[in-house]
Every structure is written in structure tokens, then in C-alpha cells.
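Naming: A, B, ... by sequence-line order, numbering from 1 per chain. Keep in mind that what you see is a predicted model, and the values were worked out from it rather than measured.
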Amino acid sequence: HYTYFVLVRAHCLAGELQAAMDLIRDMENKCRGTSSNPSIYNFVIHALCKSGKVPEAMGLVKKMVDGEDGACRPDVVTFNTMMAGLCKAGRLSEAQQVLQDMEKSGFAANLVTYNTLVSGLAGAGRVGDAVVVMRGMPQGCLPDALTYNAIINGFCKAGDIQSAEIFLEEMKSTSFSPDTFTYTILINGLCKSGNLPKADELLQEMMSRANCSPNVVTFNTLVDGYCKASNLDRARELLSSMLEHGCAPDVVTYSSIIHGLCRAGDVDQGFGLLQKMISKGCKPDVVTYTVLITGLCKAGKMVEACQLVRRMLDDGCTPNAVTYSLVFDGLCKIDRLKMASDLLAAIQEKGRVAD
RNA sequence: GGUCUUAUGAGUCC
């Protein structure tokens, strides 16, 4: 079975999900009667969900629950994985149904099950429902740091910092202390609601505490906050201060600042920073390029925008629906249908159509 | 020994 796991995982990671499913069927036939391990199935369910094949994942789970021809019995991870996939697809009522289904099949929900549902609801703007689920968690399965973090994030995303702080206080009264995630969530909420001073204060608090130092995500969150508040100087200060804390800026850090520069109308400086990140060994991704292309389109530099699309293709970076809609929209608006069709031809020639 | 849950960046003035 371990051999099968290695093979199935390799296929999944290569995006060859049908091959992975075929291997499972092959395993079911060859190992008939032996008890197999659900982790192989769980891995495939996860991969199917991640690539948007939720119905296929549901089919596999159903096969397992029904005990169809040689299929392995599900375990709690099977249900948790399926539930997370449904949440990410925005299919929340079906995710809630999984909780009913598993109990019907005699499986007890665990902490991961509840946390999955809580974060799914909270992340979809239904933080009130998330709190109801949290309050209904049974003895022996009480909320942990992840539960609180998901709830706090839900309130922050809804712009309700006050409620987030109430749950922060409640968290502090438990055996779980706010961690790097908690602080980063709050910093993000404060940034998005325009309270940069308080967000910065929290960063200072983190740096003075031992058990929850800021990481690259924390810095990125605040860097983006300052960029969006048009305070590029402070954003750059943070870039230096993250280095002092042993945090290497990553593609998100650079893309945020490049976005800030472009938004300020300084696409040239954006390209300068692009060069700098490349020279530091940080590879630009589809978002980095899209940010720059947006800047070029807004500046009416459609020829350069098309050139950058070709450059990203050459760089091995595949444009997605956001990139394309942006460029084609820009071209059509200024009536450059010839350029649009030329670009489309170049994309098709490279066989790189995403989304 | 292998599988599940929490935080950060892009377009559409809709």
C-alpha cells in the first residue's frame, strides 16, 4: 500500500488525477480482501478538491461510505478533507451536511472537523454561524487556538474589529495564547479598516514578546497596509526591518510594493524593484507580472503591456484569467483589435492558455 | 514513516 501511496501522490502532484484514480482502482482489484489504508484515498480527495473536481471527490467519498467494490472504509480524515474541499468551493451547506453524514455513519467529529467548518463559515462572511458552531463544540472537543483564530479572522474580514477583540480576550482566558497567526489576523483587520497606527503597535508588541515573533506573512500584511495607505516610505522601512528580524522578503512582499509604486503612477520604479527582486533570487509570479501589466495598461502603454505578457510567457509564468481580461479589455477599449488578435495568436502558439 | 483545519499580494468604477 505504501508503494501505491507514493505512486498515487506522484500522479496527484503532477496533476494527473485520472491516473491517480486508475491506480486506486488497480489497487482495489489486486489487493481485494486486504484492509487498505484510507490515507491514499484521502490524498486523492484532497487533490481532486484542490483542482476544482469537487463532484469527483464526493463520488469517491460516497464509494467509500457505501463500501462499494473493494473500496476502503473512510475515516475521520476522509470526512474532514471532503468538508474542507466543500468549504473552499463555497459549498457551505454541503459542508455542514458532511458533519451530519459522518455522525450518521458512526464517525465522531474531531477538533479538525469543527475547525474546518468554523473557518469555512467565518471565511465566507458567515461569522455568526461560525460562532454558533463553535459554541456547540462538545466537551472533549473544545475550541483551540485555530478555532479562535478563524473566528477572529471572520470578524476582522467583516470589519468588526470590536467583536474580534472580544474573542481575543476570551482566547486569552483559555489555555491558548494568541500566536503569530492571531496577531497577523488582527494586523490585517486593522490595516483593512484603516487603523495603521494600531496595526503597527501590534507589530511592536509581537517583536517584544518571545513566543510569537512576526514572520514574513506578518510583515507582508503590514507592508501591504502601508502601500494601500500610500505610505510607501514606511513600507520600505518595514522591508529593511524584516531583514533585521531574519525574515527574507518574498514574492508577496515585492509584489505589494510594486503594486504600491504602480498605483502611485511610478511604473518605472516598479520595474526597478522587479529587477531588484530577481537579482536577489526572488522569482516573480503571475501576480507580480499582473500588477505591472495593470500599471502599464492604466498608463496607456499597451505595447509595453503586451511585451510584458510575452516576457512572462518566456519566463515560464502562465498568465491567468485576470491577466488576460486586463490586457484584452485594455486593448479593446482603445480599439487595438489587431494587437489583441496578435497577442492571442502568440499565446495559442505557445499553448499556454490558463483558466 | 505517509493523508485533514487558522493569517498576507493582482484585473472587471458591476
CA sep, side-chain torsions, deciding dist, call: A:T290, A:T323, side-chain hydrogen bond (donor to acceptor under 3.5 Å, both in side chains): CA-CA 6 Å; A:T290 303; A:T323 325; 3.2 Å; yes
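- A side chain to side chain contact (heavy atoms under 4.5 Å, CB included) with A:M82 is found for one member of A:L48, A:I45, A:T116 and no other, namely A:I45.
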Protein and nucleotides 3-5 of chain B: nitrogen or oxygen contacts under 3.5 angstrom:
| from | atom 1 | to | atom 2 | distance (Å) |
| --- | --- | --- | --- | --- |
| B:U3 | O2 | A:N42 | ND2 | 2.5 |
| B:C4 | O4' | A:T81 | OG1 | 3.2 |
| B:C4 | O2 | A:N80 | ND2 | 2.6 |
| B:U5 | O4' | A:T116 | OG1 | 3.1 |
| B:U5 | O2' | A:N115 | O | 3.4 |
| B:U5 | O2' | A:S119 | OG | 3.4 |
| B:U5 | O2 | A:N115 | ND2 | 3.1 |

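- Annotation: the span from A:Y289 atom OH to A:L313 atom CG amounts to 10.0 Å, rounded to 0.5 Å.
- Between the side chains of A:E237 and A:Y226, no donor-acceptor pair is found at a separation under 3.5 Å.
- Ring planes of A:F43 and A:F5: perpendicular class, angle over 60° (limits at 30 and 60°).
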Within the 4.0 Å limit for protein heavy atoms, which parts of nucleotides 7-14 of chain B are touched? Write it as a string from 5' to 3', B for base, S for sugar-phosphate only, - for none. BBBBB-S-
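- Sorted by first then second residue, the salt bridge (charged side-chain N to carboxylate O under 4.0 Å, His left out) pairs that include residues 263-273 of chain A, not counting sequence neighbours, number zero.
- Taken residue by residue, residues 89-107 of chain A places no heavy atom nearer than 4.0 Å to RNA chain B.
- A:N220 and A:D250 share a side-chain donor-acceptor pair at under 3.5 Å.
- From A:D314, atom CG reaches atom CE of A:M312 across 11.0 Å, with rounding to the nearest 0.5 Å.
- For residues 126-137 of chain A, the pairs satisfying salt bridge (charged side-chain N to carboxylate O under 4.0 Å, His left out) are A:R126-A:D129, A:R135-A:E170, with sequence neighbours left out.
- The distance from atom CG of A:L7 to atom C1' of B:G2 is 13 Å, rounded to the nearest whole Å.
- The line from CD1 of A:I258 to CG of A:L292 is 5.0 Å long, rounded to the nearest 0.5 Å.
- With the 3.5 Å cutoff on both pairing distances, Watson-Crick and G-U pairs in RNA chain B never assemble into a run of at least 3.
- A:N42 pairs in a side chain to side chain donor-acceptor pair (under 3.5 Å) with only one of the listed residues (A:T78, A:N37, A:N80), which is A:T78.
- Counted by atom type alone, A:D329 and A:Y324 present zero donor-acceptor pairs between their side chains at under 3.5 Å.
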